[in-house]
A.B. asks: 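Sharing a structure with you now.
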Amino acid sequence: MVDIQKPIPNYITNKGNIVRLIFFTAAFALVFINIYSPFGVETWYNVTPLELFFYSSLVILTGVLVVVISRVLMYQISKKRTLLLWQYLLWILAEIIFMSLFYTLYESVILHEKRNFIDLATISVQNTALIILLPYSVLWLYFSWKENKDKLEALIQGETSFDASKLVAFHDEKGVLRLSLKTENLIYIEAADNYVNIHYFNKGKVSKFMLRNSLKRLEEMFANSEMVRCHRSYIVNFEKVRIIRKDKDGLRLELDIPNAQDIPVSKSYVESVMDTFGKYCR
């Protein structure tokens, strides 16, 4: 059963993949519309087949602008928050509705289609769903395959090009590999209900990856490393710790990262934190 509460894969909001999705969807829509003629495009204009292809293509590409605007918004939102699968599915549904509404209004207002507006809208939703869902499904499978292929290559290269202890592979609770990166790029890991948020450097900025796993399992994985448990909700990379500050609420770790939040230290972890910090101060 699909878990709709899990975050969508990173490749969905990857800028390059968004561009590929837009162009592939537009190309598929052009071929689909002009060959299958689901909206009755052959009756739109009294012109030659070549001229019909030109005019219908302009209309179809205008409709695809919905996808362009939608994906640009999704990209901007994904940089600020994690999108879950159920939210992504609703997003796609909204794309289908808005695009089908455009085609329905075009047929009704511009072409003066005599059929009932509701009937036009129903047919438009069905055909638009095909235009969007078919290319989306193909690209989802392709992006997933490519990401797994790239991760496998990264793991192979990691084992042969540098110390394997410096490469961390994060698996979800089912043992599926979700993220692989160098420990030097790790900043801290934060518990979030049944998930953990992995904060790390990516292309010069801090990124976050949500993983379905527990902090307890990850703590065991990081035994005898620079990644140290300091709180029931945090594991921090002590190579990034600059200052240990004592407040009225207890100890806090200041990180050597601009605008990074201070990490709290639980009383039960104070001794191990001080011992670890002492090692890095020598």
Side-chain angles (χ1 to χ4, degrees), residues 3-18 21 70-91 140 143-144 146-148 150-151 154-155 158 166-222 225-242 252-266:
D3 182 7
I4 62 173
Q5 292 294 333
K6 69 178 182 180
I8 61 173
N10 285 344
Y11 54 73
I12 295 295
T13 53
N14 176 273
K15 185 184 296 185
N17 286 343
I18 288 176
L21 179 140
S70 169
R71 294 294 154 158
V72 170
L73 287 174
M74 180 183 292
Y75 175 74
Q76 295 299 326
I77 292 174
S78 67
K79 294 194 296 184
K80 300 178 181 179
R81 55 171 296 180
T82 300
L83 292 174
L84 303 181
L85 181 57
W86 69 268
Q87 294 172 323
Y88 180 66
L89 295 176
L90 285 179
W91 197 294
W140 189 314
F143 292 153
S144 177
K146 190 175 186 304
E147 183 182 67
N148 290 329
D150 291 343
K151 286 179 179 179
L155 286 174
K166 296 299 181 182
L167 181 70
V168 183
F170 288 97
H171 299 77
D172 63 19
E173 60 182 6
K174 296 181 180 179
V176 179
L177 178 65
R178 297 296 184 186
L179 179 68
S180 180
L181 47 81
K182 292 183 179 180
T183 53
E184 65 188 40
N185 291 331
L186 267 175
I187 304 173
Y188 65 92
I189 305 172
E190 177 186 12
D193 295 326
N194 296 324
Y195 295 85
V196 294
N197 289 318
I198 302 168
H199 299 260
Y200 63 99
F201 279 116
N202 180 31
K203 298 179 181 179
K205 64 179 182 179
V206 177
S207 298
K208 181 175 71 173
F209 182 85
M210 183 175 279
L211 178 75
R212 189 174 181 89
N213 209 325
S214 70
L215 213 61
K216 177 64 176 177
R217 291 195 187 98
L218 297 184
E219 181 185 12
E220 296 171 354
M221 183 178 75
F222 287 118
S225 74
E226 56 266 44
M227 299 296 298
V228 177
R229 183 81 173 263
C230 64
H231 189 274
R232 64 187 180 88
S233 298
Y234 293 94
I235 293 176
V236 66
N237 185 349
F238 261 79
E239 289 188 347
K240 311 299 181 185
V241 176
R242 180 180 60 183
R252 289 191 172 271
L253 307 179
E254 293 186 13
L255 305 182
D256 190 19
I257 299 164
N259 302 318
Q261 71 171 57
D262 295 340
I263 308 297
V265 178
S266 298

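All residue numbers in this chain count up from 1 along the given sequence. As the structure is a prediction and not an experimental result, all values here were calculated from the model.
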A.B. asks: Is there a side chain to side chain contact (heavy atoms under 4.5 Å, CB included) between F222 and I189? Walk through the geometry before answering.
C.D. replies: CA-CA 11 Å; F222 287 118; I189 305 172; 3.6 Å; yes
A.B. asks: Work out which heavy atom in F209 is nearest to a heavy atom in R178; give both atom names and the distance.
C.D. replies: CZ-O, 3.6 Å
A.B. asks: As an exercise, state the distance from CG of N185 to NZ of K240, rounded to the nearest 0.5 Å.
C.D. replies: 6.5 Å
A.B. asks: Is it true that atom CZ of R242 has more than 12 heavy atoms of other residues, nucleotides or ligands lying nearer than 6.0 Å?
C.D. replies: yes
A.B. asks: How many angstroms lie between CD in E239 and CD1 in I187, if you round to the nearest 0.5 Å?
C.D. replies: 12.5 Å
A.B. asks: Hey, what do you get for CH2 (W140) to OH (Y88), rounding to the nearest 0.5 Å?
C.D. replies: 5.5 Å
A.B. asks: Nearest 0.5 angstrom please: E226 CD to T183 OG1, how far?
C.D. replies: 4.5 Å
A.B. asks: Within the distance-only criterion (no hydrogens, no angle test), does the side chain of R232 pair as donor or acceptor with the backbone N or O of Y234 below 3.5 angstrom?
C.D. replies: no
A.B. asks: What's the shortest heavy-atom distance between L177 and A169, and which atoms?
C.D. replies: CD1-CB, 3.7 Å
A.B. asks: Is a donor on one side and an acceptor on the other found under 3.5 Å between the side chain of N213 and the backbone of H171?
C.D. replies: yes
A.B. asks: Drop me the distance from I77's CD1 to T13's OG1, to the nearest 0.5 angstrom.
C.D. replies: 11.5 Å
A.B. asks: Atom CZ of F143 and atom CG of N17: how far apart are they, to the nearest 0.5 Å?
C.D. replies: 3.5 Å
